[in-house]
Structure formats: structure tokens, C-alpha cells
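The structure appears below as C-alpha cells.
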Amino acid sequence: AKQDGRNCFGYFSPDMNNNMLARITLEQSLRSAVLQHEFCLHYQPIVDTSSGEGVALEALLRWRHPQRGLVPPDEFIPIAEETGLIEPIGEWVIQQALRDLRQCHSQGIMINMAINVSGRQLAHGDPSHFACMLNGLLQKYDVAPQYVHIEITESILMADTELSLKALTAIRHLGVEIYLDDFGTGYSSLSYLKQFPISVIKIDKSFVDNMLEDRADANLIKAIITMGQSLDMRLVAEGVESEPQRSFLQGLGCDFVQGYLVAKPMPLKELEPLLRRIVRE
Ligand code: C2E
Ligand code: CA
Ligand code: CA
Ligand code: CA
């Protein structure tokens with residue numbers, strides 16, 4: 001019992017208090033970030049594996065914290081999801097991405113835009129809620145739905161199959177395509193995925209990282225590509241950093257690549273010269 005007591009006491013260590021304090025501080029500054037417009041988007045191109053043609057941009061959220069500088073999304077999105085702040089933030093992301101896409105199109109850069117969406121943004125009592133919001137913004141920013149892709153992760157599909165199927169179907173009915181992000185990190189089989197209206201599978205970077213050295217990862221990627229193709233889905237490999245990786249993926253028939261090999265995520269302005277070279281008129 002004494003042992004238990006000590007463990008119990010240990011639970012409220014100064015460290016833990018610091019963690020909780022850090023969390024509460026983060027939550028508060030995240031709230032004010034929404035109001036103070038501290039967010040911005042960086043963009044990373046997705047290109048055709050063989051031709052190098054630019055086909056899409058992925059919008060990646062950044063937080064310009066007045067004291068801490070640029071905060072990466074992994075450090076605040078989980079808290080934004082827990083607190084529900086992901087809803088206003090996520091809506092801002094869509095608006096900004098569509099505004100920037102409109103800007104590209106007016107300059108003749110006819111590229112697609114892939115936008116990350118959290119489960120919490122789709123999980124509403126009314127499964128058409130998200131699609132209605134998206135449709136309103138497509139009209140507002142005068143963007144054709146075929147140019148917009150929504151990236152979701154497997155966990156969304158596992159959480160509430162019926163609701164997510166309805167929410168995704170409503171999005172697909174607008175003419176917006178759905179990408180399955182980080183594929184291979186969850187537990188769903190491709191046959192399970194078949195029931196969802198998914199057009200593109202993104203193979204997680206963790207498999208791409210070691211595929212040239214690790215036979216098991218290479219075989220996994222081969223299997224994902226083969227099965228994806230048999231389901232009529234296209235494939236993107238993420239985190240491609242080297243030319244040997246690109247050419248290996250090309251050999252396997254992977255349609256698209258994304259990664260530092262082509263470009264790091266950056267503000268649209270800085271990316272424009274590259275886009276003018278790689279996007280077909
Ligand atoms: P993700 O959707 O899997 O995005 C890809 C991540 O890999 C990005 O990290 C990107 O910068 C990074 N990356 C791309 N190519 C390479 C490469 O060649 N090498 C390396 N080392 N990294 C590469 P980032 O921007 O830090 O985003 C992390 C995650 O945060 C994203 O992972 C996504 O899950 C989430 N996220 C970002 N923006 C949003 C957003 O607007 N909404 C939501 N809900 N989540 C977002
Ligand atoms: Ca993504
Ligand atoms: Ca991803
Ligand atoms: Ca990833």
C-alpha cells in the first residue's frame with residue numbers, strides 16, 4: 001500500500017504540473033491565435049513521378065507565434081482537436097487555401113489543391129455539415145470543385161463508419177476528390193477501404209524512408225501500389241527526398257511523388273517560380 005501511495009504521489013510531480021501548465025498556456029494562446037490571425041499556410045507540390053509535372057499543392061498549416069516563432073502543426077493540432085478549436089482553424093485553412101488557389105488559377109497556374117481535414121471537422125450530428133460549408137466556400141472563392149482534394153486519415157474511417165461514409169459521400173458528390181493520407185500506419189485493409197469514395201492513397205513517409213535498404217518496406221510499398229491499382233485508386237508517395245527513391249517508385253508504377261526532392265513546403269510567393277516551370281498551362 002505504501003508503494004502504491006508513493007506511485008500515486010509521484011503522479012503529481014512538479015514535472016507533471018509543468019506539463020499541465022504548458023498545455024493550458026498553449027490552449028490559451030491557441031485561442032488568441034485564431035482571433036489574432038497568427039496562422040499561415042505553406043504549400044508543397046505533388047508531381048507526376050515520371051514527367052515531374054506539378055499536379056497539386058498540399059496546404060500545410062503553420063502558426064507564427066509572437067514569442068516562439070514558427071510552431072509546427074504536430075505541436076498544436078492535437079490540442080486544437082481536443083478543444084474543438086480545430087473547427088474555426090480548419091475553416092480558416094480552407095478559406096485561405098481556396099483564396100490562394102484562386103490566385104494561382106488567375107495567373108494561369110492550373111493546379112489542384114489538397115487540404116488536410118481532421119476527423120473532428122467531419123464528425124457532426126449532420127453528416128452533410130462539412131460538405132455544405134465547403135460548397136459555400138467553393139462558391140465564395142469561385143473555385144471549381146474538381147480542383148480541390150480533401151486529405152483524411154484512416155482513423156476517421158475507423159471511428160464511425162456509417163457517419164464518415166455519409167460525410168465523405170456528401171463531399172464526393174460536390175465533385176471534390178478524397179485522398180487517404182498516411183496509408184499503412186493504421187489497421188485498415190484495402191478491401192475495407194473499398195466501400196469509401198477514395199480516389200487517391202498517400203503512402204506514408206515512414207515506408208518510403210527505408211524502402212531502398214529494407215526489403216520488407218519495399219515489399220509493403222509494392223503491395224500497397226498493386227492493391228491500390230486493382231481498386232482503381234491512384235498513388236502518391238510522401239517524403240521522397242532522393243532521386244534513387246523517385247526512380248524506384250517510378251519502376252513500381254507509383255503515379256505521384258511529394259517531398260523535399262521536389263520542394264520543401266513554403267509560402268506560395270516563394271513557390272511561384274517553380275510552379276511556372278512544372279505546371280502545364
Ligand atoms: P501530413 O499530412 O502527413 O503532411 C506531410 C508532412 O511531411 C508535412 O509536415 C511535410 O512538411 C512533411 N514532409 C513532406 N515532404 C517531406 C520530406 O521529403 N522529408 C521530410 N522529413 N518531411 C517531409 P508538417 O507540415 O509538419 O505537417 C505535419 C502534419 O500536421 C501533417 O502531416 C498533417 O497531419 C498535419 N497538418 C498540417 N496542416 C494541417 C491542416 O491544415 N489541418 C489538419 N487537420 N492537419 C494538418
Ligand atoms: Ca496530408
Ligand atoms: Ca501524409
Ligand atoms: Ca505522414
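Numbering of ligands and ligand atoms starts at 1, following listing order.
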Closer than 4.0 Å to some heavy atom of [X] - which atoms of ligand 1 meet that?
| X | result |
| --- | --- |
| Gly259 | 15 (N), 18 (O) |
| Glu238 | 3 (O) |
| Glu58 | 2 (O), 4 (O) |
| Val93 | 41 (O) |
| Asp182 | 3 (O) |
| Glu241 | 17 (C), 18 (O), 19 (N), 20 (C), 21 (N) |
| Ile77 | 35 (C), 36 (N), 39 (C), 43 (C), 45 (N), 46 (C) |

Residues Glu27 and Thr83: side-chain donor-acceptor under 3.5 angstrom = no

key: Arg31 side chain to Gln28 side chain, donor-acceptor N/O pair below 3.5 angstrom   = no

Would you give the length of the straight line joining atom [atom1] of [X] to atom [atom2] of [Y], rounded to the nearest 0.5 angstrom?
| X | Y | atom1 | atom2 | value |
| --- | --- | --- | --- | --- |
| Asp182 | Lys205 | CG | NZ | 11.5 Å |
| Leu157 | Leu193 | CG | CG | 6.5 Å |
| Ile150 | Leu180 | CD1 | CG | 13.5 Å |

inquiry  = Hydrophobic clustering (ILVMFWY, side-chain heavy atoms < 4.5 Å, transitive) - are Val257 and Ile278 grouped together?
reply    = yes

message = I'd like to know whether CZ of Arg280 has more than 12 heavy-atom contacts from other residues, nucleotides or ligands below 6.0 angstrom.
response = no

Whether over 12 other heavy atoms sit under 6.0 Å from Glu162 CD = no

request  = Kindly determine whether Thr49 and Gln250 satisfy side-chain hydrogen bond (donor to acceptor under 3.5 Å, both in side chains), including the steps that lead there.
outcome  = CA-CA 6 Å; Thr49 311; Gln250 182 180 12; over 6 Å; no

If the contact criterion is a heavy-atom separation under 4.0 Å, does [X] count as touching ligand 1?
| X | result |
| --- | --- |
| Pro72 | no |
| Gln44 | yes |
| Arg62 | yes |
| His42 | no |
| Gly90 | no |

query = Under 30°, 30 to 60°, or over 60°: which ring-plane class applies to Phe76 and Trp63, parallel, tilted or perpendicular?
reply = perpendicular

remark   = Exactly one of Ile221, Leu235, Thr226 clears side-chain contact (heavy atoms from CB on, under 4.5 Å) with Leu252, and that residue is Ile221

Residues 164-176 side chain polar contacts: donor-acceptor under 3.5 Å, at least two apart:
from   : atom 1 : to     : atom 2 : distance (Å)
Ser164 : OG     : Asp160 : O      : 2.7
Ser164 : OG     : Thr161 : O      : 3.3
Thr169 : OG1    : Leu165 : O      : 2.5

Using a 3.5 Å cut-off on N or O atoms only, is [X] in polar contact with ligand 1?
| X | answer |
| --- | --- |
| Asp181 | yes |
| Leu61 | yes |
| Ser118 | yes |
| Glu81 | no |

task = For Tyr43 and Leu101, run side-chain contact (heavy atoms from CB on, under 4.5 Å): C-alpha distance rounded to whole Å, both residues' side-chain angles, the deciding distance at 0.1 Å, then the answer.
result = CA-CA 11 Å; Tyr43 295 99; Leu101 182 60; over 6 Å; no

request  = Would you confirm whether Ser242, through its side chain, and Gln245, through its main-chain N or O, come within 3.5 Å as a donor-acceptor pair?
outcome  = yes

message = Using the rule given for side-chain contact (heavy atoms from CB on, under 4.5 Å), can you reason through Glu177 versus Arg234, listing the C-alpha separation, both sets of side-chain angles and the distance that settles it, and then say yes or no?
response = CA-CA 11 Å; Glu177 287 193 336; Arg234 281 158 292 144; 3.1 Å; yes

message = Judged on heavy-atom distance to atom 5 (C) of ligand 1, which of Val257, Ile89, Leu60, Leu41 sits nearest?
response = Leu60

note = Checking heavy-atom distances from atom 33 (C) of ligand 1 to each of Asn116, Thr185, Asp204, the winner is Asn116

note = Within the 3.0 Å cut-off the protein N, O or S neighbours of the Ca ion (ligand 2) are Glu58 OE2, Asn116 OD1, Glu151 OE1, Asp181 OD2

